[in-house]
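To start, the structure under review is shown below, and the notes come after it.
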Amino acid sequence: MDTRMNGALRTSSGALPNEIMAELFIFCLDSDHLGCMTPSPTTAPLVLTQVCRKWRNIALASPRLWTGISLNDEDLKGSLPLNSKQLLPLLDSWVAQSGSRPISIRLSYTKLPKTGEYSDYRKEMRLVVDRLLRCQHRWYALDLNVLDLFTVQPLLDAVALPDNVPLLRRFIVEVPERSLDSVNTRTNDLALWHSSGLPLSYTHASE
C-alpha cells in the first residue's frame, strides 16, 4: 500500500465512519484483471489488519476486500511462503472473509511435494479440490494450473452442471500436454455448456 495513502488514512481515520473507511480500503487493493491478489503481509488486505485494532475490525468485516485470491506454489517475491500446509488456511480465510459474495480464485500448484511422489501430490490436491467445492455456488472465476486433469476431475464434474455454479463466468484449466491423454473427462458436457457463452477452456503448458 502506498505510504502516502497509508499516512492519509491513518491521519483521518479517527474522524471517518467505518463504512467510508471500508470504501477507501478497496482502493488499496493491488489485484489483477480477475480481482485476484497474492496474499502478502505487506499489501492489502492483510496489511490493513496489522495497523491497529480499528483497521483490523473494519477489514475483517468488509467482504469486498476478500473476493479474489491468487495462490502460487512458486517462490514469489514479497508473497507469503506457500506450501500445501499454508495454502489451505489462506484459501479458507479468503473464502470465509468474502462472506456470501462471488469469489474469484487463481491457483497454480505444479510442484511435487518434498517426497517427490506423484501420489502425494494428488492427495494434497484432493484437499484443495474439496475446499474449492465447498464454495462452488459462489465461484465467479476459477483459473487453475495443475499437473493433470485427473486431480481436478470433481471440479470438471461440478462445472458440467450449471446449476451447481450459477455465478461462474470463467473457468480455465492449464495442464502439461502429456496429461491430456491419460484422463477421462466429461468434455462433451463441457463443450455443450461452453456453447452457451461461458469462457471455458483447457490449455496445455509447453514443456
Side-chain angles (χ1 to χ4, degrees), residues 1-109 127-145 155 165-172 174 198-199:
M1 180 170 56
D2 188 281
T3 54
R4 291 172 298 177
M5 173 74 79
N6 186 12
L9 282 173
R10 295 190 66 176
T11 300
S12 59
S13 62
L16 291 176
N18 289 358
E19 294 78 7
I20 301 299
M21 289 292 296
E23 288 297 318
L24 292 175
F25 284 176
I26 297 296
F27 291 98
C28 299
L29 297 178
D30 183 19
S31 53
D32 62 18
H33 67 286
L34 293 181
C36 297
M37 64 213 73
T38 301
S40 169
T42 62
T43 60
L46 290 180
V47 70
L48 299 173
T49 68
Q50 303 170 25
V51 177
C52 63
R53 180 178 299 178
K54 178 178 180 179
W55 281 36
R56 177 179 176 82
N57 291 339
I58 294 173
L60 294 179
S62 304
R64 288 173 60 194
L65 293 175
W66 310 88
T67 56
I69 185 171
S70 180
L71 296 169
N72 194 318
D73 61 355
E74 296 291 337
D75 183 20
L76 299 177
K77 184 179 180 181
S79 67
L80 293 174
L82 181 61
N83 56 39
S84 60
K85 292 182 179 179
Q86 294 162 315
L87 184 151
L88 293 176
L90 283 171
L91 183 58
D92 287 344
S93 177
W94 249 254
V95 170
Q97 293 302 140
S98 59
S100 60
R101 287 182 169 271
I103 188 167
S104 297
I105 299 170
R106 185 189 296 277
L107 171 68
S108 178
Y109 202 62
L127 296 175
V128 175
V129 167
D130 178 65
R131 293 300 207 285
L132 292 174
L133 287 173
R134 294 179 189 179
C135 63
Q136 62 182 298
H137 59 289
R138 294 200 287 122
W139 293 345
Y140 185 81
L142 198 60
D143 276 24
L144 307 173
N145 183 7
L155 304 182
V165 287
L167 304 180
L168 188 62
R169 295 296 177 269
R170 173 187 170 103
F171 179 73
I172 293 178
E174 182 176 348
L198 178 75

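Any value given below was found using the heavy atoms of this structure, including those in side chains, with hydrogens, waters and symmetry copies removed. Residue indices begin at 1 and follow the sequence shown.
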I would like to know whether Asp143 and Asn145 meet side-chain contact (heavy atoms from CB on, under 4.5 Å); could you show each step before the answer?
CA-CA 7 Å; Asp143 276 24; Asn145 183 7; over 6 Å; no
Leu132/Val95 under side-chain contact (heavy atoms from CB on, under 4.5 Å): CA gap, chis, key distance, verdict:
CA-CA 9 Å; Leu132 292 174; Val95 170; over 6 Å; no
Test Ile172 against Leu142 for side-chain contact (heavy atoms from CB on, under 4.5 Å), laying out the working first.
CA-CA 6 Å; Ile172 293 178; Leu142 198 60; over 6 Å; no
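Scored by the salt bridge (Lys or Arg N to Asp or Glu O under 4.0 Å) test, Asp92 finds Arg131 as partners (sequence neighbours excluded). With sequence neighbours excluded, no residue forms a side chain to side chain donor-acceptor pair (under 3.5 Å) with Ser70. Residues meeting the side chain to side chain contact (heavy atoms under 4.5 Å, CB included) test with Leu127, sequence neighbours left out: Leu88. Not a single side chain to side chain donor-acceptor pair (under 3.5 Å) links Asn18 to another residue, sequence neighbours left out. Here Asp130 pairs with Arg134 under the side chain to side chain donor-acceptor pair (under 3.5 Å) rule; sequence neighbours left out.
To the nearest 0.5 Å, atoms CG (Leu29) and CE (Met37) are separated by 4.5 Å. Between the CG atom in Leu155 and the CG atom in Leu144 there is a gap of 6.0 Å [rounded to 0.5 Å]. With rounding to the nearest 0.5 angstrom, the CZ atom of Arg169 is 11.0 Å from the OG atom of Ser104. Put simply, CG on Asn72 and OG1 on Thr38 are 7.0 Å apart, with the number rounded to the nearest 0.5 Å. Distance check: Cys135 SG to Ile103 CD1 gives 5.5 Å after rounding to the nearest 0.5 Å.
Applying the side-chain hydrogen bond (donor to acceptor under 3.5 Å, both in side chains) test to every pair with at least one member in residues 56-67, sequence neighbours left out, gives these pairs: Glu23-Arg64.
Annotation for Gly35 and Ser31: closest pair C-CB, 3.6 Å, computed over non-hydrogen atoms. Minimum heavy-atom separation, Gly68 to Trp94: O-NE1, 3.1 Å. The two atoms that bring Leu48 and Ala59 nearest to each other are CB-CB, 4.1 Å, heavy atoms only. For Val128 against Leu107, the heavy-atom pair with the smallest separation is CG1-CD2, 3.5 Å. Nearest heavy-atom pair, Gln97 versus Leu60, reported as atom, atom and distance to 0.1 Å: NE2-O, 2.7 Å. Of all non-hydrogen atoms in Leu167 and Tyr140, the two that sit nearest each other are O-CD1, 3.6 Å.
Between the side chain of Trp55 and the backbone N or O of Val47, no donor-acceptor pair lies under 3.5 Å. Between the Arg170 side chain and the Leu34 main chain, no donor and acceptor come within less than 3.5 Å of each other.
Arg138 and Ser98 form a side-chain donor-acceptor contact under 3.5 Å, judged by distance and modelled atom types alone.
Contact of the Ile69 side chain with the Leu71 side chain is registered, since non-hydrogen atoms from C-beta on lie closer than 4.5 Å.
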